[in-house]
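Numbers here are sequence positions counted from 1. Only a predicted model underlies this, so the values are computations on that prediction, with no experimental measurement involved.
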Amino acid sequence: MEKNNYKIRPAALVLVAVAISLTAVFSGCTKESDLKQQRYEPDGFQGYSNTNPNLFKPYTTMSYQESVDYIHELLTSVKGISKQTLRFKGNEVLLDLIVTKQMGEEEMTRLQTETQQLLQRHLPEYQVRVTVDK
């Protein structure tokens, strides 16, 4: 049985290492990209959605505190609310709104409908119930 008598010289190893390093450095992004980052409107799924019914529902993987923070952020755009009380009952969101005394019945109904639609659109994993009082 013959034995190979190949010896790898240290200079050859260094040359190969330098060639690989230069290839890695110069093959990367060397100029700025013209592509712009795109952002999508928050949909309550935090960028994750799937039609597979065997996967966890978003409300089981998202904490209630994250949902509370998100709801408060959404409600900052709604005018006329003087106080809000938020409760969770499983996958149900119960939101009680207290509005300013000057608000009429029609405005209260409009506010209730708008708020319910806003939260339901952004948090589809919850059943949203909104009540409005003075």
Side-chain angles (χ1 to χ4, degrees):
M1 187 180 256
E2 287 185 34
K3 186 175 181 182
N4 292 334
N5 290 329
Y6 294 110
K7 291 185 180 179
I8 299 176
R9 296 182 183 170
L13 283 177
V14 170
L15 184 62
V16 169
V18 168
I20 291 172
S21 299
L22 288 175
T23 303
V25 168
F26 289 115
S27 67
C29 296
T30 56
K31 66 176 186 173
E32 287 191 33
S33 173
D34 295 334
L35 299 175
K36 301 281 185 189
Q37 180 181 11
Q38 291 182 343
R39 300 191 121 233
Y40 296 97
E41 181 178 341
D43 62 357
F45 286 112
Q46 314 309 331
Y48 176 79
S49 63
N50 197 317
T51 57
N52 185 345
N54 298 319
L55 294 177
F56 288 115
K57 302 259 187 277
Y59 66 85
T60 61
T61 58
M62 193 166 131
S63 74
Y64 284 125
Q65 188 58 50
E66 288 174 325
S67 297
V68 167
D69 294 341
Y70 188 52
I71 290 170
H72 286 306
E73 181 184 327
L74 290 171
L75 291 177
T76 57
S77 65
V78 180
K79 304 296 182 213
I81 300 173
S82 60
K83 184 180 176 187
Q84 59 193 14
T85 305
L86 184 61
R87 295 171 287 148
F88 288 89
K89 186 178 173 184
N91 69 337
E92 197 172 11
V93 173
L94 307 169
L95 177 63
D96 300 321
L97 300 176
I98 305 295
V99 296
T100 58
K101 299 282 185 193
Q102 304 89 329
M103 190 173 282
E105 290 296 321
E106 286 182 17
E107 290 179 74
M108 288 173 57
T109 304
R110 180 194 52 77
L111 179 73
Q112 179 181 9
T113 304
E114 276 183 17
T115 306
Q116 177 131 2
Q117 288 174 349
L118 174 72
L119 294 180
Q120 197 66 65
R121 182 174 61 244
H122 288 281
L123 297 163
E125 66 271 21
Y126 291 107
Q127 294 298 319
V128 179
R129 303 206 193 295
V130 179
T131 59
V132 178
D133 286 320
K134 286 188 181 185

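By the rule that hydrophobic residues join a cluster once side-chain heavy atoms approach within less than 4.5 Å of another member, Val130 and Leu94 end up as members of separate clusters. Note on Val78 and Leu74: same hydrophobic cluster, where clusters join Ile, Leu, Val, Met, Phe, Trp and Tyr whose side-chain heavy atoms are under 4.5 Å apart, directly or indirectly. Leu118 and Val128 fall within the same hydrophobic cluster, where Ile, Leu, Val, Met, Phe, Trp and Tyr residues are linked whenever their side-chain heavy atoms come under 4.5 Å apart, directly or through other members.
The side-chain heavy atoms of Ile81 and Ile98, taken from C-beta on, include no pair separated by under 4.5 Å.
Note: Tyr70 OH to Leu75 CG = 11.0 Å, rounded to the nearest 0.5 Å. The structure places CG of Leu111 at 11.5 Å from CD of Gln116, a figure rounded to the nearest 0.5 Å.
With hydrogens and angles disregarded, no donor-acceptor distance shorter than 3.5 Å links the side chain of Gln127 to the backbone of Val93.
With sequence neighbours excluded, no residue satisfies side chain to side chain donor-acceptor pair (under 3.5 Å) with Thr100. Applying the side chain to side chain contact (heavy atoms under 4.5 Å, CB included) test to Val18 and every residue at least two apart in sequence or in another chain returns Val14, Leu22. Every side chain to side chain donor-acceptor pair (under 3.5 Å) that Glu92 has, sequence neighbours left out, goes to Arg129. A search for side chain to side chain contact (heavy atoms under 4.5 Å, CB included) contacts involving Leu15 returns nothing, not counting sequence neighbours.
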Show me, pair by pair, the donor-acceptor contacts under 3.5 angstrom made by side chains of residues 103-110, not counting sequence neighbours?
residue : atom : partner : partner atom : Å
Thr109  : OG1  : Glu105  : O            : 3.0
Arg110  : NH1  : Glu114  : OE1          : 3.3
Arg110  : NH1  : Glu114  : OE2          : 3.0

Between Thr131 and Leu97, does a side-chain contact (heavy atoms from CB on, under 4.5 Å) hold up when you go through it step by step?
CA-CA 6 Å; Thr131 59; Leu97 300 176; over 6 Å; no
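The stretch residues 75-111 participates, sequence neighbours left out, in these ring-ring contact (aromatic ring centres under 6.0 Å, His included) pairs: Tyr64-Phe88, Phe88-Tyr126. Listed by first then second residue, pairs satisfying side chain to side chain donor-acceptor pair (under 3.5 Å) with a partner in residues 74-87 read His72-Gln84, Arg87-Asp96, not counting sequence neighbours.
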